[in-house]
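Only heavy atoms go into these numbers, but all of them, side chains included; no hydrogens, no water, no symmetry mates. Numbering of ligands and ligand atoms starts at 1, following listing order.
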Amino acid sequence: MNVYRNYINGQWLESASDQTAPNINPANIKDIIGTIKLSTREEARTAVEAAYNAFKGWRNTPAPTRGRIVARFARLLEDDKANLAQILTREEGKTLAESGGELSRSINVAEFCAGESRRLNGETIQSELPANFAYTIKEPHGVVAIITPWNFPVAIPVWKIAPALVAGNTVAFKPAEATPATAVRICELFEEAGLPPGVLNLILGAGAEVGDEIVNHPAVRAISFTGSTAAGIKLYEQAARRGARVQCEMGGKNPVVVLEDCDLDLAIESTAQGAFGSTGQRCTATSRAVVIDKVADEFVSKIVARAQKMRIGAGDDANTEMGPIVDEKQFKNVLKYIDIGREDGAELLTGGGRATGENLEDGYFVEPTIFDRVTPDMRIAQEEIFGPVLSILRVKDFDEAMTVANDSEYGLTSSIFTNDPNLIFRFVQEIETGMTHINSPTTGGEAHIPFGGVKMTGIGAREQGSTALDFYTELKVVYVDYTGRKREGNLY
Ligand code: ADP
């Protein structure tokens, strides 16, 4: 049996812990892929210490040299794409096409960050005084903790680790318990790319144990986290007490607004894609469709027909459109929310339970589920479900659509379907989300474009794109006086 090992100070070490968990293929729970050892707090401290000891050497390595290693990692990732896609599909469940997409995104992000290593520029600033000027330098923090979820187990670690390294930080990386194999492979490829020992350290284990340990370690100066709101806010509070920097990407309840003049078939296909793609297990998934009354009946009947045609199955079957839920805990959670929707009085139109049929018996498959006549106060309209469940909220006009769309504690992404330019720009101005899409699904993003949300979704600098390095650097301001004389004026 494959036992996943930690990667600490350039060595692959099996944890001494006797606490283990199986890594299970969610499409077939009889397929045990390996065993994850839930590392000890002491081992987590060793990982942070290795990163701490490696920091000086790494920060003194010229940024373009650091970038070259990340560029080599991007090439290795490309060479390994087919293999890693198989690993990803087997342990997370998404379709091979979705895994391929995730890997392409990861390669693009690594390439982009490698390029940024030649652009780690500050600015020069004119002074009020003669023969004086100031300039800024971007410096790394030191040890950065990177804590990631299971839903994009390659892309999210890469979009955090690559900019952290390019900026000159060293890393303690704690991936989700459910996806150790992809995390191990990422670190193997960084090792092969020539990363010096201690610069990137992998610690496998439970969030409440090793995650908690690294979050509270005094040597960790910054923490980048993606995951649940509860864990993110807790970590934010803990880090605040000692002034550590925090970047959190948490929940979402992303709305699509469908207006009467839109291309309805496009809106339906895009909403289905956004709601059921990646089995609804992405932070940018469409979970609320806010539809104008006039077109609601047609929208509803067509999207129900689309959901019922969805081909459910194992991700490695080329025929499959929607894979399983990642694990038993999430599976039960999604089914629980479907029950809550029923109890709260929403009208269940399709789905509503475990998906059954040929080859589905041994996996965590859930039917694509649509509730109609959902009201904003219902829990399924407010809480993140993280599964293939779409709530339809009917509204009378654009103004009510905006009120309903913004009636959420979250603000990651959104979209609108209309061809009215005035309403498009009003929507862009009024919608309370960090990203928004016009006539396309709520999902998707590109390596060179910033990513992140507002309200309870996001804390700290945006990830990726032109802002990718913001979180991973501190600004130092330098004043230069080349008069050689005592300063006169500007005495404050
Ligand atoms: P989900 O599993 O729903 O994506 P979680 O927030 O539970 O969301 O997990 C995201 C990541 O955060 C995982 O790597 C998990 O182990 C970690 N984590 C969970 N709780 C804590 C905590 N208290 N401190 C640090 N990390 C945590």
I'd like to know if the side chain of Lys253 reaches the main chain of Glu383, judged simply by a donor and an acceptor atom lying under 3.5 Å from each other, with no hydrogens or angles considered.
yes
Closest contact, heavy atoms only, Gly198 versus Thr170:
O-CB, 4.2 Å
Residue, atom and distance of the protein heavy atom nearest atom 17 (C) of ligand 1 read Ile147 CG2, 3.6 Å
Show which atoms of ligand 1 fall inside a sub-4.0 Å distance from at least one heavy-atom site of Ala231.
6 (O), 19 (C), 20 (N)
Determine whether the side chain, the backbone, both or neither of Thr148 has a heavy atom under 4.0 Å from any heavy atom of ligand 1.
backbone
Using a strict cut-off of 4.0 Å, indicate which atoms of ligand 1 neighbour a heavy atom of Gly211.
24 (N), 25 (C), 26 (N)
Atoms of ligand 1, numbered as shown, that sit under 4.0 Å from any heavy atom of Glu177
15 (C), 16 (O)
At a 4.0 Å cut-off, with the gap strictly under it, does some heavy atom of Phe225 reach an atom of ligand 1?
yes
Using 4.0 Å as the upper bound for N to carboxylate O, is an ion pair formed by Glu474 and Arg245?
yes
With no hydrogens and no angle check, is any side-chain donor or acceptor of Ser414 less than 3.5 Å from a backbone partner on Asn254?
no
Would you mind listing which atoms of ligand 1 come within a distance below 4.0 Å of any non-hydrogen atom of Pro149?
4 (O)
Please compare Pro153, Ala145, Ser228, Gly205 and report which has the shortest non-hydrogen distance to atom 5 (P) of ligand 1.
Ser228
Which is closest to atom 19 (C) of ligand 1 by heavy-atom distance: Pro175, Ala178, Gly207, Ala206?
Gly207
Write out the residue and atom name of the closest protein heavy atom to atom 2 (O) of ligand 1, then the distance separating them to 0.1 Å.
Trp150 NE1, 3.3 Å
One finds that the ligand 1 atoms under 4.0 Å from a non-hydrogen atom of Asp212 are 24 (N), 25 (C)
Heavy-atom side-chain proximity of Gln382 to Glu409 below 4.5 angstrom
no
Working note: Asn25 + Asn28, criterion side-chain hydrogen bond (donor to acceptor under 3.5 Å, both in side chains); need CA distance, chi angles, decisive distance, verdict.
CA-CA 5 Å; Asn25 178 348; Asn28 173 11; over 6 Å; no
Heavy-atom distances under 4.0 Å are what count here, so tell me which part of Thr226 touches ligand 1: side chain, backbone, both or neither.
backbone
cation_pi(Lys329, Tyr364) dist<6.0 Å, angle<=45
no
Among Lys174, Lys234, Glu209, closest by heavy atom to atom 23 (N) of ligand 1 is Lys234
Less than 4.0 angstrom from a charged side-chain N to a carboxylate O is my criterion; do Arg342 and Asp339 meet it?
yes
For Ala176, take its heavy atoms, then give the atoms of ligand 1 lying under 4.0 Å from any of them.
14 (O)
Consider side-chain hydrogen bond (donor to acceptor under 3.5 Å, both in side chains). Of Glu249, Gln247, Lys160, which one does Thr226 pass it with?
Lys160
Are any of the protein's heavy atoms under 4.0 angstrom from atom 9 (O) of ligand 1, yes or no?
no
Check the orientation of Phe451 and Trp159. Use parallel for under 30°, tilted for 30 to 60°, and perpendicular for over 60°.
tilted
